[in-house]
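To start, the structure under review is shown below, and the notes come after it.
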Amino acid sequence: MSEQPALDPLEPIITGEDERAVLGFEDWLAQVRPAFEDAAASGRVFTAYEIASERQLPDPPHSCLWGRLMSLLRDEGLIRHDGWTNGTRPTVHGSGVKTWTGLALSPDQPAAA
């Protein structure tokens, strides 16, 4: 039995259809992060999809990277897990998704380590 190669979600996924349209994780992160930092600074409660939809953000190279983005922001102290709601992204069919609260840090207030 042959082994299936492991996929690295941080590497670009090349489908052969349009290699120019494929972003790597770092490129995608640079495009979407400012929108999430704005949401965090507002102190509002939100889902990842709400921000992505409102700001018409591109999808990541792999769908699991939405969770990675939110984990990064949480680990940096910009957001905290707030609860759960039914997702409005068409592909989740109303499944439970996390809600996040922006911690509205002032520019001179350091994020939690």
Side-chain angles (χ1 to χ4, degrees):
M1 188 170 181
S2 65
E3 244 182 74
Q4 181 91 10
L7 294 178
D8 182 352
L10 302 182
E11 290 296 317
I13 297 172
I14 306 298
T15 63
E17 296 171 6
D18 186 3
E19 293 179 15
R20 293 165 301 166
V22 178
L23 294 174
F25 176 71
E26 295 298 327
D27 294 331
W28 173 78
L29 182 63
Q31 287 185 6
V32 302
R33 185 181 174 102
F36 286 91
E37 288 175 345
D38 290 347
S42 74
R44 71 183 265 200
V45 176
F46 60 89
T47 67
Y49 179 68
E50 287 172 346
I51 304 306
S53 179
E54 289 168 10
R55 300 284 289 267
Q56 298 179 346
L57 300 175
D59 284 328
H62 191 280
S63 62
C64 71
L65 294 176
W66 287 114
R68 178 69 182 129
L69 166 64
M70 304 314 286
S71 293
L72 285 171
L73 297 173
R74 182 201 59 216
D75 292 348
E76 292 173 9
L78 299 176
I79 61 175
R80 69 173 168 78
H81 179 237
D82 186 76
W84 296 86
T85 191
N86 290 6
T88 56
R89 183 185 300 269
T91 57
V92 301
H93 307 288
S95 296
V97 296
K98 288 183 176 182
T99 57
W100 302 92
T101 297
L103 298 181
L105 299 176
S106 66
D108 58 342
Q109 183 179 357

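None of the values given here were measured: they were computed from a predicted structure.
- Between Gly24 and Pro61, the closest heavy-atom pair is C-CG, 3.8 Å.
- Side-chain contact between Val97 and Glu50 is absent, with no heavy atoms from C-beta onward closer than 4.5 Å.
- With a 4.5 Å cut-off on side-chain heavy atoms, Lys98 and Ile79 do not count as touching.
- Ring-plane geometry between His81 and Trp84 is classed as perpendicular, the angle between the planes exceeding 60 degrees on a 0 to 90 degree scale with a lower cut at 30.
- Listed by first and then second residue, the ring pair (Phe, Tyr, Trp, His ring centres under 6.0 Å) pairs involving residues 30-57 amount to none (not counting sequence neighbours).
- Residues Asp38 and Arg55 are in side-chain contact: their nearest non-hydrogen atoms beyond the backbone lie under 4.5 Å apart.
- A 4.5 Å side-chain heavy-atom check between Pro60 and Trp66 finds at least one atom pair inside the cut-off.
- Rounded to the nearest 0.5 angstrom, His62 NE2 and Arg68 CZ are separated by 15.0 Å.
- Distance alone, capped at 3.5 Å, is enough to place a donor-acceptor pair between the Thr99 side chain and the Gly83 backbone.
- The CG atom of Leu73 sits 10.5 Å away from atom CG of Leu103, with the distance rounded to the nearest 0.5 Å.
- The two atoms that bring Arg44 and Ala39 nearest to each other are CG-O, 3.9 Å, heavy atoms only.
- If you chain together hydrophobic residues whose side chains sit under 4.5 Å apart, Val32 and Phe25 fall into the same group.
- When side chains are defined from C-beta on, Gln31 does not count as touching Leu57, because their heavy atoms never get closer than 4.5 Å.
- In the hydrophobic cluster analysis, where Ile, Leu, Val, Met, Phe, Trp and Tyr join through side-chain heavy atoms closer than 4.5 angstrom, Leu72 is grouped together with Trp100.
- Trp28 contributes a side-chain N or O that, together with a main-chain N or O of Pro58, makes up a donor-acceptor pair within less than 3.5 Å.
- Separation of atoms SG (Cys64) and CG (Leu69) is listed at 11.5 Å; rounding is to 0.5 Å.
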